[in-house]
Amino acid sequence: MPELTRRRALGAAAALAAGAGAQTLTAPSASASASPNGQAAARESMGEHHHGGPQPFDEVFRGRRIEGRPVTGGGHHHGGGYAVFVDGAELHVMSNADGSWISVVSHYDPVPTPRDAARAAVVELQGAPLVPFAAN
């Protein structure tokens with residue numbers, strides 16, 4: 001039997017980690033499986049409703065007016081036909097495959113709803129004005 005080398009030990013550890021990661025990705029989430037309605041209840045808790053999109057909102061958060069509403073037509077919207085505005089300037093938002101949302105301001109911090117994306121942007125901006133995002 002060959003001697004256990006550092007290379008073989010690291011290879012075995014990497015294979016185990018990859019297998020555990022794949023199992024985690026394919027396993028249903030605990031919150032979705034624990035609820036009686038499964039995935040539908042999980043989507044409801046993330047702000048999605050039966051018509052497939054988040055509800056419109058218009059509020060003042062930390063002194064800034066944030067709005068979110070469904071939109072139609074072309075443009076650079078990756079938010080599934082939904083637009084978010086901070087003090088009248090459009091905040092570029094995008095919905096992820098898992099139902100979470102990100103914005104151009106807080107791109108690496110996904111949140112459950114577009115309202116939460118707007119609030120996170122206001123916090124991140126720290127009073128600075130939102131500069132419009134120039135799409136290609």
Side-chain angles (χ1 to χ4, degrees):
M1 180 170 188
E3 184 179 324
L4 181 63
T5 64
R6 186 182 313 174
R7 177 178 285 178
R8 287 187 184 192
L10 287 174
L16 287 172
Q23 183 179 9
T24 302
L25 290 174
T26 58
S29 70
S31 63
S33 61
S35 95
N37 297 331
Q39 293 284 344
R43 283 191 301 273
E44 282 290 324
S45 70
M46 292 192 69
E48 293 183 44
H49 299 281
H50 297 294
H51 55 80
Q55 292 293 313
F57 63 91
D58 186 354
E59 68 181 51
V60 175
F61 178 75
R62 293 192 178 185
R64 310 286 294 269
R65 183 173 182 199
I66 59 174
E67 302 172 80
R69 60 182 176 262
V71 293
T72 58
H76 60 273
H77 297 283
H78 297 285
Y82 199 84
V84 174
F85 301 88
V86 175
D87 294 334
E90 184 174 6
L91 173 67
H92 186 76
V93 296
M94 184 173 82
S95 59
N96 293 322
D98 65 355
S100 64
W101 291 76
I102 57 173
S103 76
V104 71
V105 175
S106 58
H107 193 78
Y108 297 105
D109 189 20
V111 292
T113 65
R115 179 190 310 247
D116 292 329
R119 289 176 175 172
V122 166
V123 169
E124 188 70 27
L125 287 169
Q126 298 178 7
L130 178 64
V131 178
F133 180 73
N136 294 336

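What's counted below: heavy atoms across the whole structure, side chains too, no hydrogens, waters or symmetry copies. Residues: numbered from 1 along the sequence shown.
Evaluation of the side chain to side chain contact (heavy atoms under 4.5 Å, CB included) rule for D58 yields R65, E67 as partners, not counting sequence neighbours. Taking the side chain to side chain contact (heavy atoms under 4.5 Å, CB included) definition, one finds that E124 meets it with V105, sequence neighbours left out.
Closest heavy-atom contact between F57 and R115: CB-NH2, 3.1 Å. Here the closest heavy-atom approach between residue E90 and residue A83 is recorded as OE2-CB, 4.2 Å. Nearest heavy atoms, P114 versus V84: CB-CG2, 3.8 Å. When every heavy atom of I102 is checked against every heavy atom of P110, the shortest pair comes out as CG2-CA, 3.7 Å. For W101 against P112, the heavy-atom pair with the smallest separation is CD1-O, 3.5 Å. Taking both residues in full, the closest heavy atoms of A117 and V111 are given as N-CG2, 3.3 Å, listed atom of the first, atom of the second, then distance.
Between V122 and V86, some side-chain heavy-atom pair lies under the 4.5 Å cut-off. Proximity of V123 to F61: side-chain heavy atoms (C-beta onward) are separated by under 4.5 Å at one or more points.
The CG atom of L125 sits 8.0 Å away from the CG atom of L91 when rounded to the nearest 0.5 Å. Q55 CD to Y82 OH: the interatomic distance, rounded to the nearest 0.5 Å, is 8.0 Å. Atom-to-atom distance recorded for R119:CZ and R62:CZ is 10.5 Å, nearest 0.5 angstrom. Taken to the nearest 0.5 Å, the CG atom of D116 stands 10.0 Å off from the OG atom of S106.
In this structure, the side chain of N96 does not engage the main chain of D98 through any donor-acceptor pair within 3.5 Å.
There is a path of hydrophobic side-chain contacts, each under 4.5 Å, that joins I66 to V104.
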